[in-house]
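Everything quoted here is computed from the prediction, not taken from an experiment.
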Amino acid sequence: MSDPQRRPEGGREPRQVTWIWLVYLFLFNLAIPWYWPAGFRGPLVAGLPTWVAVTIAAVVLLAIWTGFVIHYFWDDDFDPRFVDDRPDEGGAL
Amino acid sequence: METVGPSLGLGGILFVAAYLLSTIFIGWLARKRRQNDSLADFYLAGRSMGVAVLFLTLYATQYSGNTMFGYAGRAYQIGFGWMVSALFMFSIIVGYLLFAPRLVVLARVKAFITPGDFISYRFGSKALTLLATLLMIYALANYILAQLKAMGAAVEGITSGAVPSAYGIVALAIIMVIYETLGGMRSVAWTDVMQGVVLLIGFAILLFVIPGLGGGLTAVVEEVSRIAPEKVIAPSAEACTTWISYLILIGCGAAIYPQAIQRLYSSRSVTAIKRSFTFMAFMPLTTSLIAVLCGITGIVVLPELVAAETDQVLPRLCALVMNESLLGYWLIVVVFAAALAALMSTADSALLSISSMITRDIYQAHFRPGADEAELTWVGKVCSWIAVAILIVVAIGTEKTLVRLLELKFEVLVQIAPCFFLGLYWRYLSAPTVVTGILVGIGLALGLTLFGQTRVFGFHAGVVGLAANVAVCAVGSSYCWFTARRASSAAGAPETDAAVFLTR
């Protein structure tokens with residue numbers, strides 16, 4: 001963890017940050033072509049139907065967003081919360 | 001599939017043979033690098049994988065022969081609607097983000113070898129661990145079967161039938177199990193590096209040469225718009241529901257592939273995993289998307305294919321490229337080496353994973369708890385040979401198609417997802433609840449499939465089963481929470497975290 005002030009609790013992971021998933025929701029909504037009118041193809045963009053080009057652009061954005069999320073919201077360092085003093089057999093709850 | 005490839009001729013066959021022999025050489029090199037006879041060294045390469053190896057082994061494992069042949073065939077059948085494949089392959093990475101950060105740390109601290117190790121640790125239930133292990137072995141066996149059948153078809157194709165499919169299956173499977181036995185995960189991962197690079201080059205070549213057969217991408221799409229307009233228009237509302245279903249089915253199912261989880265265990269550091277995932281997020285664009293474009297080109301260039309023949313669209317397009325020029329010939333030789341790489345890299349990883357689960361989660365857990373590491377490693381190698389022998393017999397003896405096998409695999413595998421996605425975060429999720437959820441989910445998924453209801457309102461039967469599975473987990477966890485809270489109130493003490501772990 002390079003900046004302890006910015007990440008005081010350590011062991012941060014993407015699942016804990018709600019707005020990350022709201023962005024994913026938006027981008028997946030963009031990638032799934034539900035909003036086009038029935039029978040829509042549109043003019044060709046780089047040789048592809050418009051809706052296909054938009055879907056590909058959304059996948060690119062999703063990949064970039066994922067890179068950002070992994071870099072900034074998944075801590076590399078060891079998280080002591082996972083250490084418990086119980087035996088390795090675990091135990092049913 | 002009757003055939004997968006055009007005849008390569010002597011030069012091409014020698015090239016492919018050299019490639020196959022090099023995998024054994026890599027296996028031998030990996031054996032020389034082994035550090036001890038431990039399970040961690042054999043099945044997890046001593047937990048030493050850096051970014052390059054981890055990324056390429058994840059890539060080569062995740063993208064199978066089905067990506068190359070099946071996806072092109074599916075795009076040929078339904079057109080651009082199969083763009084969903086690029087999205088669902090991406091969704092696997094999102095699936096990892098939902099549980100991998102916590103799992104990889106825990107795996108390192110507790111020295112997990114198999115996915116079953118985590119389940120055993122988290123739930124403390126031998127019954128649940130055995131159930132999950134058997135389901136994972138079943139799913140992986142199906143996966144290997146599909147790869148073996150495609151390998152046989154590929155060999156038969158490139159030799160113009162001179163080598164029958166059955167011989168091809170036996171020969172390639174034996175090569176695979178030899179290098180795997182030599183070096184375990186280390187040799188599988190190193191061959192994956194070569195296979196991953198060949199696969200990337202193969203797809204780049206396909207993008208370069210295939211659309212050109214139809215006069216370029218623009219001409220191809222205009223022609224498809226004229227002869228089959230339904231294949232270029234945006235999907236219907238119900239089809240979009242199926243897109244969502246695919247995202248859930250593949251995003252949750254493929255993320256918990258045992259061989260993929262073991263690669264996370266094998267990483268040198270969390271940084272290596274993070275960087276590998278970042279690269280993997282872009283791979284659908286270099287792989288699935290290209291397979292779709294090849295299938296679309298096939299609609300124009302090979303309009304006569306029907307039914308099962310559609311899986312041959314890519315090989316047939318390659319045959320056309322081969323006949324055009326000497327350069328085209330050698331480019332396609334590389335593409336077919338890539339196809340074999342895709343098939344073998346997926347099958348060897350799944351085989352190693354099966355071997356580890358039988359050894360660790362069944363043999364050691366139930367029969368020989370006191371066995372030392374050397375004995376377990378030896379048992380694992382024997383298991384690999386026995387498993388591959390059984391799978392060869394089944395692969396040669398069955399007639400099921402590639403796609404059907406894959407469908408059955410995901411319907412089952414995805415039911416284990418709550419163990420990881422919820423088990424790492426829901427503190428009151430108990431073993432009996434998870435077992436009940438898995439049985440309900442599988443019962444529903446297979447019951448619907450059995451009665452011909454493979455989709456319900458556009459959602460796959462497996463996803464419907466998963467929804468019921470998660471509902472059972474939610475109800476069971478709520479009940480456990482309520483019971484624990486009532487007990488702590490009756491005792492007059494606030495609830496503590498002493499009896500729980502993981503989920504904070």
Open item on the list: Let's go through B:Leu87 and A:Leu62 carefully: what are the C-alpha distance in whole Å and the side-chain angles of both, what is the deciding distance for side chain to side chain contact (heavy atoms under 4.5 Å, CB included) to 0.1 Å, and is it a yes or a no?
Closed with: CA-CA 9 Å; B:Leu87 204 53; A:Leu62 278 164; 3.8 Å; yes

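Put simply, of B:Cys240, B:Ala281, B:Ser269, the one with the most heavy-atom pairs under 4.5 Å next to chain A is B:Cys240. In terms of heavy-atom pairs under 4.5 angstrom with chain B, the leader among A:Trp34, A:Phe68, A:Trp51, A:Phe40 is A:Trp51. In terms of heavy-atom pairs under 4.5 angstrom with chain B, the leader among A:Ile56, A:Thr50, A:Val69, A:Ile20 is A:Ile56.
For a residue to count as touching a neighbouring chain, one of its non-hydrogen atoms must lie under 4.5 Å from one of that chain's; by this rule B:Phe277 touches chain A with backbone and side chain alike. Residue B:Ala234 touches chain A through both its backbone and its side chain, counting heavy-atom pairs closer than 4.5 Å. Only the backbone of A:Ala46 comes within contact range of chain B, judged by heavy atoms closer than 4.5 Å. Heavy atoms of B:Ala239 lying under 4.5 Å from chain A are absent altogether. In this structure, the portion of B:Leu293 lying under 4.5 Å from any heavy atom of chain A is its side chain and not its backbone. With a 4.5 angstrom heavy-atom cutoff, B:Ser236 does not touch chain A via any of its atoms. Proximity to chain A is absent for every atom of B:Val220, based on heavy atoms less than 4.5 angstrom apart. For a residue to count as touching a neighbouring chain, one of its non-hydrogen atoms must lie under 4.5 Å from one of that chain's; by this rule A:Ala38 does not touch chain B. With a 4.5 angstrom heavy-atom cutoff, A:Tyr24 touches chain B only via side-chain atoms. Only the side chain of A:Trp36 has a heavy atom closer than 4.5 Å to any heavy atom of chain B.
The closest side-chain heavy-atom distance from B:Glu222 to A:Leu44 is below 4.5 Å. Counting only heavy atoms from C-beta outward, the side chains of B:Pro229 and A:Arg41 never approach each other to under 4.5 Å. Side-chain contact between A:Thr55 and B:Trp243 is present, with at least one heavy-atom pair separated by less than 4.5 Å. With a 4.5 Å cut-off on side-chain heavy atoms, A:Trp74 and B:Leu97 count as touching. A 4.5 Å side-chain heavy-atom check between A:Thr66 and B:Phe282 finds every atom pair outside the cut-off. Taking 4.5 Å as the limit, some side-chain heavy atom of B:Arg102 sits within range of a side-chain heavy atom of A:Glu13. Inter-residue side-chain proximity for A:Val59 and B:Leu289 is flagged as unmet; no heavy-atom pair is nearer than 4.5 Å.
Of all heavy-atom pairs spanning A:Phe28 and B:Leu247, the tightest one is CD2-CD1, 3.7 Å.
When the shell of 6.0 Å around CH2 of A:Trp21 is examined, it contains more than 12 heavy atoms from other residues, nucleotides or ligands.
Taking the ring axis of B:Tyr425 as reference, the NZ or CZ atom of A:Arg15 stays within 45° of it and closer than 6.0 Å to the ring centre.
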